[in-house]
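Have a look at the structure below before the remarks.
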Amino acid sequence: MIRRQAPIKHPEVKLMMKVIPVFHTPKMKSTIQPTFQIASPCLARILLGALLFLSACDRESPPPIARPPQQQHGASTDSSGAPLSYASILADEHAGVVVLARYGDGYEYTNRDLAEYLQFLAPKPLRGMTLAEAATRPAEEIQDWIARAVSDRVLAGEGRRMGGEAATAENLEDFKNRLIISFLGAEGITPPQRLSREDAQRRMELNRGDYTLAPAVTIQHLFFSTLQEYVLRPTDTQQSIIDASGGDPDSIWQVRDAETRRHWLTSRESFRLALAPRVRAGQRLLIPMAPEERRAIRKQAEEAMEQLRAGRNLELVGAELGFAAEALEPLGPLPAGDTALAPEIYNTCFAPELKTGETTGVIETETGFHIIRLLARQPGGLTPFETAFQRMRTEEEKTDTDQAVYAFLEDLCRQSLTFDEATLMDDQATSERVVARATDELQWTIGDLMRMDTHPKYWRRNVEVRKERIRGFNEIRSQIGAAEARRRGIQERPGYQRAIEAARDSLLAEYALQRLIEKRFTENDTLLRAYYQAHIDRYTAPPLYDLYEIAKEAPSPDSVQRIRQQLTQIKDSIASLEAFKTQALQHDFRAYIRNATGHRDWTPAAYRTPEIERAITSGPTGQVLGPFTHGNEHMLIWIEAVQPARPQPFEDVRSTVIEERRDEMIRKLEQEIREERLRRLDFKPEFP
């Protein structure tokens, strides 16, 4: 019962370079297991979220919410009679407890729940947002946050009823130990900054490619969209949507609720999603306008272009046309090679003919019409030293911190562990005999060692070697470190228990999802072959080119022009492949290529920059191409032969097909399961 908002009317359009989902669902294990096991990346994500959670909790935390019986249930007006909206509720700091959604008969989600979600439990891009900041977001985006939070809580309840508490106990205990140790280790460690400026300079010289920036442009943009928004109704079917799109399902550009009011410059191939067989009320589709409407939009863009040619300001023209202020803000720097740009826009922006401060004509793409002003060009080259130096310092600080935490645990383990040497050296010792202890509560038996590794009798027969082996077990270090952290009172820090509860719910929701997916997942050779045929483009090997190269290195910016002139002279002297090989043998600065007379063998076109890729795919065989620039290298290329694209045999890519189909099916099933659970979710307040 999602309330639908009015469609967005042109030209209130906004720009988006890359469509990034607001929510990130942790990826399930790639293999469906008969017994539950949380993947370690999932646990790591929970740990990272909880660490951020704890750091946020060092601020004053709101008390637990006690919901009074007189709270507002689905009120649709405020005290003055004005209609309520998410914006009015969330922006009002004195709104009290207001129900934003109900799930079935037993659970209500309030503005206070949303505040806690945004402060501590939301994905990183949202975490820390206040309700006042949330009030500025579109209502459907807020509904998406609520739906996700409620879905996680509902699934956690199902996981608990399925017996997930016992199944996730070990994972939760492991999480607790990691969390408390990380918090303990990080708070008392200030790693030394050992990297000197001289060392950083040498590192940049040795790894120039890692610190080389691609050329980039900064632009200002007017986008006249020819995609109209269609909001799904509860009565819609797949056929009715196809009819609405003019009978062509491939013309639909599908977006999720949280991505509405956003438009982009990207091509259809990099964004268009297949129309799902299941549709959901409130979901939004972008459908191309009819030809006559597209012509009207083109005329509007051309009229705007005439005003710009007459000397009027782009911001003023855009404002008069109704463009939002943020849609007119500078965009960039956009690096060369950015595949999010439609080809027509990319080619225009990076063409040398377009000078800084100039405005393009009307550029037509599949999504509409664009007028672009080039604000700045950023030449390629090395990253500024100070920027690179700070990046190296940050990376080294993280490494030093990790090493310091490891050393702290190692030292703690050496101080705490005592051994029963007789048991340790008894190769006939039974599994229940205690071999090491830190306290009366923390002790480990031969059986514990066998669970972590093997019986000590299989280790080298030396008491010190065996002791060192035991001290090195992560599980033992983790338990000793956690005990020390608890002794210091880390578990009493504000928000620690709430972090643990959030982790428990995440584990239970993951457990429930995996169990539900197991029941629905099917796989056999027929399904795999059908998937392979339906996605044959994925399993088609790209064209390969038999290439020869001559490359010279420009050690400094001052030498670039001289090196390129030398390559141009070499190019003019080459008339055949044999001449190319001779020149490669004389001039290529890379020994392994020079010794092969410049031969790179069969290579895909995308092995270098977009400029080189375009030249290779469109260039004729038997001619010298270039010179091209790649980092601090400058090169000539000769194409000897081309091997066309060809599908790879099913048996050769069978394992890849299995993995990709499984991942796709798991994502689809997870979405279906979440949607099933949310059919009873009723959003409040009722908008007029």
Side-chain angles (χ1 to χ4, degrees), residues 200-217 333-339 346 350-352 377-385 387-388 391-392 542-574 577 579-642:
Q201 192 73 51
R202 282 193 292 271
R203 190 179 298 179
M204 282 191 72
E205 290 297 325
L206 291 172
N207 303 281
R208 293 175 67 88
D210 294 340
Y211 300 98
T212 299
L213 296 173
V217 295
L334 307 174
D338 191 336
T339 56
Y346 182 96
F350 284 92
R377 285 189 184 275
Q378 176 180 295
L382 281 178
T383 303
F385 174 74
T387 302
R391 181 174 127 194
M392 294 180 208
L544 296 178
Y545 300 83
D546 192 12
L547 297 181
Y548 289 77
E549 288 181 354
I550 301 172
K552 294 178 73 66
E553 186 178 31
S556 67
D558 296 337
S559 63
V560 170
Q561 188 63 30
R562 175 174 55 81
I563 294 297
R564 290 182 67 89
Q565 287 176 353
Q566 290 177 7
L567 286 174
T568 301
Q569 293 171 1
I570 293 171
K571 177 181 179 179
D572 293 341
S573 70
I574 294 174
L577 178 57
F580 193 99
K581 292 178 181 180
T582 301
Q583 294 290 348
L585 196 58
Q586 294 176 14
H587 296 286
D588 200 296
F589 77 100
R590 302 159 300 176
Y592 69 100
I593 292 291
R594 182 173 64 248
N595 294 338
T597 59
H599 195 204
R600 287 198 62 93
D601 211 342
W602 293 98
T603 307
Y607 81 116
R608 295 289 190 183
T609 65
E611 177 195 12
I612 296 176
E613 180 180 358
R614 286 192 293 271
I616 290 175
T617 54
S618 60
T621 59
Q623 291 185 20
V624 184
L625 306 178
F628 303 109
T629 299
H630 180 244
N632 61 341
E633 296 178 8
H634 304 274
M635 64 184 62
L636 302 174
I637 294 176
W638 179 289
I639 305 174
E640 174 64 10
V642 180

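To the nearest 0.5 angstrom, Arg600 atom CZ is 6.0 Å from Arg590 atom CZ. For the atom pair CD of Glu640 and CG of Leu577, the computed distance is 5.0 Å after rounding to the nearest 0.5 Å. For the atom pair CE of Met635 and CG of Leu625, the computed distance is 12.0 Å after rounding to the nearest 0.5 Å. Taken from CD1 in Ile637 to OH in Tyr545, the straight-line distance is 11.5 Å, to the nearest 0.5 Å. Atoms CZ and CD, from Phe628 and Glu633 in turn, are 14.0 Å apart once rounded to the nearest 0.5 Å. Once rounded to the nearest 0.5 Å, the distance linking NE2 of His587 with CG of Leu636 reads 10.0 Å.
Side chain of Arg564 to main chain of Pro627: a donor-acceptor pair is present (N/O by atom type, distance under 3.5 Å, no hydrogens or angles). Although no hydrogens or angles enter the test, the distance criterion places no donor-acceptor pair under 3.5 Å between the side chain of Asp588 and the main chain of Ala584.
Here the closest non-hydrogen pair linking Ala554 and Val560 is CB-CG2, 3.9 Å. Shortest non-hydrogen contact noted between Thr609 and Thr629 is CG2-O, 3.8 Å. Of all non-hydrogen atoms in Ala216 and Pro333, the two that sit nearest each other are CB-CB, 3.8 Å. When every heavy atom of Ala388 is checked against every heavy atom of Tyr211, the shortest pair comes out as CB-CD2, 3.8 Å. Minimum interatomic distance between Ala605 and Thr617 (heavy atoms only, all atoms of both residues): CB-CG2, 3.6 Å. Closest approach of Ile563 and Lys552 over heavy atoms only: CG2-CB, 3.8 Å.
With a 4.5 Å cut-off on side-chain heavy atoms, His634 and Gln566 do not count as touching. Within the 4.5 Å cutoff, no side-chain heavy atoms of Lys581 are placed close to those of Leu585. No side-chain heavy atom of Gln623 sits less than 4.5 Å from a side-chain heavy atom of Ile639. Contact of the Leu334 side chain with the Tyr346 side chain is not registered, since no non-hydrogen atoms from C-beta on lie closer than 4.5 Å. Between Ile616 and Thr603 the shortest side-chain heavy-atom distance does not fall below 4.5 Å.
Under the 30°/60° scheme for interplanar angles, the aromatic rings of Tyr548 and Phe580 are found to stand perpendicular.
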CA sep, side-chain torsions, deciding dist, call: Asn632, Thr212, side-chain contact (heavy atoms from CB on, under 4.5 Å)
CA-CA 8 Å; Asn632 61 341; Thr212 299; over 6 Å; no

